[in-house]
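These numbers were taken from a predicted model, which means no experiment stands behind them. A, B, ... follow the sequence lines: proteins, then strands. Residue 1 opens every chain.
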Number of protein chains: 2
Amino acid sequence: MIRNLTEHDKEHLQEALVKSGQKVTPQREAVFTVLLAERDHPTVDEVFNRAREVMPGLSLATVYNCLETFVGCGLVRQVNHERESTRYCPNLAPHAHFRDKETGQVHDIELPPEVMKSLRSILPPGFDSEVIEISFLGRAQAKDTHSN
Amino acid sequence: MIRNLTEHDKEHLQEALVKSGQKVTPQREAVFTVLLAERDHPTVDEVFNRAREVMPGLSLATVYNCLETFVGCGLVRQVNHERESTRYCPNLAPHAHFRDKETGQVHDIELPPEVMKSLRSILPPGFDSEVIEISFLGRAQAKDTHSN
DNA sequence: AACACAGTTAGAATGAGTCTAATCCGCAAG
DNA sequence: CTTGCGGATTAGACTCATTCTAACTGTGTT
Ligand SMILES: [Mn+2]
Ligand SMILES: [Mn+2]
Ligand SMILES: [Zn+2]
Ligand SMILES: [Zn+2]
């Protein structure tokens, strides 16, 4: 269920950490592995529980620390919906989030560059934005969790 | 500073409340007045402190209750940025929010219908969204708070 | 060996928001 | 009038995601 990191992902992790002056540790590898294994936007507690299966001594504080570190080096994004627990997303492509009101599931919605551009264009002169967050709330038709 | 409600706004409040089977009370009028007086997306505490100036006995619990009621009848919108305290906005036109990273101020950004449409169009078939939230984070050039 | 230092850890503290149970108040029936 | 009802208000207790603190670990350096 929680496969190990591919060489490629391992390098990605190491590069981002080292580039910002931080170390690769077993805990960070475990947490990153969890994030890549199931891209369902888990909460901190969900990450914690999944990671503990493979590293039983891991503490909740460390999961908070790792996730904060990852956000800091741009390895993952935080996802907030209203005031619910923060979720984490390793998808680095520009995308919006769709939250299913009934199931609570969060889905990635690809953001074409033209839409990004039209969004930026609504900012009046003088407004300069680094981050744009777009989130939908609604109902998504049930679909196979893995369609393969 | 905290002018009374215009007749028009009073009717707006009454209509929305009565339509959803709730009563106009002095507390609700006071809280609504505060929201309309300064459209700066105040937090609950800010609303509380402003409203107490005109109604000293008002309780924080009631401010929470009033704001929840208003959201329920569509009189105001909740505005969340990351995990900061929830803010409240009486602007009913479709708009996005821009948060200034330095000042913390929140500005309304008008959302043209064509942009709304292009946003809706990125949803894959099967996804049906009632609410879209768009928030920008960045820096806005200082401007007179009241330019009149 | 002693030190430096980042990372990890358990548990305490924080604080926005929610819940509870008592009281208030406007209104309608007796 | 008096009483009863139901929604609204209130103070304070409570929740719980997140942050903070201080001790400890592990690794590399002098
Ligand atoms: Mn779904
Ligand atoms: Mn500003
Ligand atoms: Zn995502
Ligand atoms: Zn607004």
Using a heavy-atom cut-off of 4.0 Å to chain A, what are the terminal contacting nucleotides of DNA chain D, in 5' to 3' order?
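Boundary nucleotides touching chain A, in 5' to 3' order, are dA17(D) to dT19(D).
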
What integer distance in Å separates [X]:[atom1] from [N]:[atom2]?
{"X": "Glu46(B)", "N": "dG15(C)", "atom1": "CD", "atom2": "C1'", "value": "15 Å"}
{"X": "Asn80(B)", "N": "dA16(C)", "atom1": "CG", "atom2": "C1'", "value": "11 Å"}
{"X": "Gln27(A)", "N": "dA10(C)", "atom1": "CD", "atom2": "P", "value": "11 Å"}
{"X": "Leu17(B)", "N": "dG26(C)", "atom1": "CG", "atom2": "P", "value": "17 Å"}
{"X": "Lys23(B)", "N": "dC27(C)", "atom1": "NZ", "atom2": "P", "value": "8 Å"}
{"X": "Glu84(B)", "N": "dG17(C)", "atom1": "CD", "atom2": "P", "value": "11 Å"}

Check this one for me: any side-chain N or O of Arg83(B) less than 4.0 Å away from OP1 or OP2 of dA16(C)?
no

Taking five pairs at each end of the helix from dA1(C)-dT30(D) to dG30(C)-dC1(D), what angle separates the two helix axes (nearest 10°)?
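Between the first-five-pair axis and the last-five-pair axis there is 10°.
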
Base, sugar-phosphate alone, or nothing: which one does Thr43(A) contact when heavy atoms must sit under 4.0 Å apart?
nothing

Are the side chain of [X] and the backbone N or O of [Y] linked by a donor-acceptor pair below 3.5 Å?
{"X": "Arg83(B)", "Y": "Glu84(A)", "result": "yes"}
{"X": "Asp100(B)", "Y": "Ala140(B)", "result": "yes"}
{"X": "Asp9(A)", "Y": "Leu5(A)", "result": "no"}
{"X": "Arg28(A)", "Y": "Lys23(A)", "result": "yes"}

Under 3.5 Å, is there a donor on one side chain and an acceptor on the other for Thr62(A) and Asn65(A)?
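Checked: Thr62(A)/Asn65(A) side chains show no N/O donor-acceptor pair below 3.5 Å.
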
Got Ile109(B) and Pro124(A) here, is their nearest side-chain heavy-atom distance under 4.5 Å?
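Counting from C-beta outward, Ile109(B) and Pro124(A) do come under 4.5 Å.
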
Check: Pro26(A) and Met55(A) side chains under 4.5 Å, non-hydrogen atoms
yes

Between CG of Leu17(A) and OG1 of Thr69(A), what distance do you get to the nearest 0.5 Å?
7.5 Å

With a 4.0 Å heavy-atom cut-off, tell me which residues in residues 58-70 of chain B come close to DNA chain D, sorted by residue number.
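Hits under 4.0 Å, by residue number: Leu58(B), Ser59(B), Ala61(B), Thr62(B), Asn65(B).
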
Intermediate values then yes/no, salt bridge (Lys or Arg N to Asp or Glu O under 4.0 Å), Asp40(A) and Arg50(A):
CA-CA 12 Å; Asp40(A) 61 349; Arg50(A) 293 175 198 175; 2.8 Å; yes

I need the single residue from His97(A), His107(A), Arg99(A) that forms a side chain to side chain donor-acceptor pair (under 3.5 Å) with His41(A). Which is it?
His97(A)

May I ask you to decide if the ring planes of Phe70(B) and Phe32(B) are parallel, tilted or perpendicular, using 30° and 60° as cut-offs?
perpendicular

